[in-house]
Protein chains: 2
Amino acid sequence: MAVAERLLVIGGGPAGLEAARGAADLNRPVLLVEARDTLGGTPWESYATLTPHLKPTKEIMAGMLTAVEDHPLVDVRLSTRVVAREGEAGRFLVTLEAADGSRQVEEVGAVVVATGFQHFDPGRETQMYGYYEYDDVITLVDAERMMQAGKVVRPSNGEPPARVAFIQCVGSRDRHIGNKYCSKVCCGIASKQSIEIKHLLPDAKVFIFYIDMRMYGFWEDQLYWRAQEEHKVNYIRGIVTEVIKKGDQLLLKGEDTTMGRPMEVLMDLVILSVGMEPSAGTLEMARVFEIPREEHGFLATVGEPLDTVTTPVAGVFVAGAAAGPKDLEDSVSMGGAAAMKAVGLLSRMSRTPA
Amino acid sequence: MAVAERLLVIGGGPAGLEAARGAADLNRPVLLVEARDTLGGTPWESYATLTPHLKPTKEIMAGMLTAVEDHPLVDVRLSTRVVAREGEAGRFLVTLEAADGSRQVEEVGAVVVATGFQHFDPGRETQMYGYYEYDDVITLVDAERMMQAGKVVRPSNGEPPARVAFIQCVGSRDRHIGNKYCSKVCCGIASKQSIEIKHLLPDAKVFIFYIDMRMYGFWEDQLYWRAQEEHKVNYIRGIVTEVIKKGDQLLLKGEDTTMGRPMEVLMDLVILSVGMEPSAGTLEMARVFEIPREEHGFLATVGEPLDTVTTPVAGVFVAGAAAGPKDLEDSVSMGGAAAMKAVGLLSRMSRTPA
């Protein structure tokens, strides 16, 4: 069998961009397929700024996009999906479908799946926080959109909120809704947003209700200490069991687990820290490439903890949040590692006579 | 300038092994230098089993070692240190010193520093936990050694302990001792060890005293829920301020922050969950390659959060815990990413006439 030279990267977020640029820098032609009409993935689409330095996403990610767009060895196909494949490691035939429904078959030697996550929908299986009922209950993503516009307001009346609460672990660490895992990044994102809210509204009181603050590594002082010490964000260890409307405010009921007593607090704006689930594209690639899903529903890898990117399907690698909750650093490291392994496999196959 | 073909990898732990094998699979000759007399790094030396699956380190890491040892393109130098360097990206001249003091100069094109961490010494700056005073106060690493021998006992009398306490965040999240960061893996390791202790001593009571359980991602149910539900490990949110001897037991004084009351509990064995600091080798490589250290003392990288492995020194990359607290997954992902970037750089330099 002649080994196809080209690498297919599916998904143009941080993990896929890093994989594509990396493989191209190793002199390997890359076909990069993205379902959206722009590169950059979920951070580019939904986050105004990024952890841990609170810098604008479009400013710090722009270089990743142009490196891929301008690379002579990368063929970028936007608004395109992978809908079928045949063949095996060394020579896959993949069917691409463009936005106009036209189809094309392409030959590639190996594949990096970097199709990422979607945010948990807080109205889907848990009504207790009133996301579908109350205008002033929003998600991290809605909040990010307001920050992008430079203005945090109560959707109900357009006024700046005096009291803002984040509720952590919405759709995570929850056996009832079926997501047993921790989504890893929501503590960091809520802390980042709390600092940004205090920048925009210095007089607002901001509260973060949490079970454990998972501010691992340098996030501890880069974000967690900074939010508390420089910005007077209030972290309250507690469980919010219910959000109800009271006058034109929201009443949060629950338990302050540090003080060991019931808690009822009034807020003007409630931000739900929604977790990660496999994206529709990730589920679709599991089907197309017959990649088993691990017990939480993400793409399975083999060789954990010493291999983060190899799937059980020969020639198919994964990078980023398609394999589970990942932060940006995880995603770009995995993008590089997946590119290396995919290109290494093709190099070995080309050197070895069949 | 003629670009030197070879990549130098410094450190033979998970990150360095992955970088070396990865670059060699890309057909690049690699010189792998390790200060110890064996490959495998800190996990191989100090950990009987690894998170999250509690499998024996030597069983699951053996393949990584032999892949490198047997690779025709990897030249492994054990008991060897890098003591000096000249030159720049594309052609570094590095001086290696073997155990017998003999020196040799080697030419390499790029460098991956994977010299890792060392465990915080709990007697060095904090006497409050009695590590130097009481035989039955040990560290995670001491406990791992006992598990490797298949027997957990009180060092003072050789008897199995009836009550075991882990104290988290020793040498981490602590402005006073100067380590402001969270060491990222200690919650996972303590949870792993608590399960292993219950395997060996089913009747023992095991307690973990913590500030936040940072069981991010899949560790949440793989380790944290499993420890509690299957093994009845007791997690207590509290601050231990002092450990003193009482009879032949140890009295832990502090505060149970969930119950909001002072706490005094007697234990037979206390295990200090010591954090990560840059290893001596990491500090030495900072000096030799003039790599700036970031504010916590680890090797600095540029482009955070979208680049985890590029240092400010052209041609020098970092992988694993030399750059900060990292788990095994981080380390191998970074190893792959660093190999890719280093080989990519050399490929580009070779193609570009000077």
A:Thr310, A:Val318, A:Val309, A:Asp307 screened by side chain to side chain contact (heavy atoms under 4.5 Å, CB included) with A:Thr301, the one that passes: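 Between A:Thr301 and the candidates, side chain to side chain contact (heavy atoms under 4.5 Å, CB included) is satisfied uniquely by A:Val318.
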A:Trp225 versus chain B, heavy atoms under 4.5 Å apart: side chain, backbone, both or neither?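 When you check distances to chain B, only side chain atoms of A:Trp225 fall under 4.5 Å.
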Given a strict heavy-atom distance threshold of 4.5 Å, which part of A:Met213 is in contact with chain B: side chain, backbone, both, or neither?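 Backbone plus side chain of A:Met213, per the 4.5 Å heavy-atom cut-off to chain B.
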Using a cut-off of under 4.5 Å on heavy-atom pairs, state which of [options] scores highest against chain B.
| options | answer |
| --- | --- |
| A:Ile211, A:Thr257, A:Val343, A:Asn27 | A:Asn27 |
| A:Asp330, A:Leu346, A:Thr258 | A:Thr258 |
| A:Glu294, A:His53, A:Arg237, A:Glu295 | A:Arg237 |
| A:Val332, A:Asp221, A:Val185 | A:Asp221 |
| A:Ser331, A:Gly217, A:Gly260, A:Pro325 | A:Gly217 |
| A:Lys184, A:Arg214, A:Lys326 | A:Arg214 |

Contact part of [X] toward chain A, heavy-atom cut-off under 4.5 Å: side chain, backbone, both or neither?
| X | answer |
| --- | --- |
| B:Leu345 | neither |
| B:Ala323 | backbone |
| B:Lys341 | side chain |

Do [X] and [Y] have side-chain atoms, one donor and one acceptor, less than 3.5 Å apart?
| X | Y | value |
| --- | --- | --- |
| B:Thr49 | B:Lys55 | no |
| A:Ser333 | B:Ser333 | no |
| B:Tyr216 | A:Asp212 | no |
| B:Ser273 | B:Gln168 | yes |
| B:Tyr235 | B:Ser191 | yes |

Nearest-0.5 Å distance that lies between atom CD in B:Glu329 and atom CZ in B:Phe218: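 If we round to the nearest 0.5 Å, B:Glu329:CD and B:Phe218:CZ are 10.5 Å apart.
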Is any side-chain heavy atom of B:Val68 less than 4.5 Å from a side-chain heavy atom of B:His71?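 Contact flag for B:Val68/B:His71 side chains = no.
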Over 60° means perpendicular and under 30° means parallel, so classify the ring planes of A:Tyr181 and A:His296, tilted if in between.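 Perpendicular: the ring planes of A:His296 and A:Tyr181 meet at over 60°.
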Pick from [options] with the largest number of heavy-atom pairs that fall under 4.5 Å of chain A:
| options | value |
| --- | --- |
| B:Arg21, B:Met334, B:Glu304 | B:Glu304 |
| B:Thr51, B:Leu50, B:Asp256, B:Leu26 | B:Leu26 |
| B:Cys187, B:Gly336, B:Gly275, B:Ala339 | B:Gly336 |
| B:Met215, B:Met276, B:Glu18 | B:Met215 |
| B:Pro305, B:Gly303, B:Ala23, B:Pro52 | B:Pro305 |

Considering only NZ, NE, NH1 and NH2 on the basic side and carboxylate oxygens on the acidic side, decide whether A:Arg175 and B:Glu229 come within less than 4.0 Å.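 Salt bridge flag = yes for B:Glu229 with A:Arg175.
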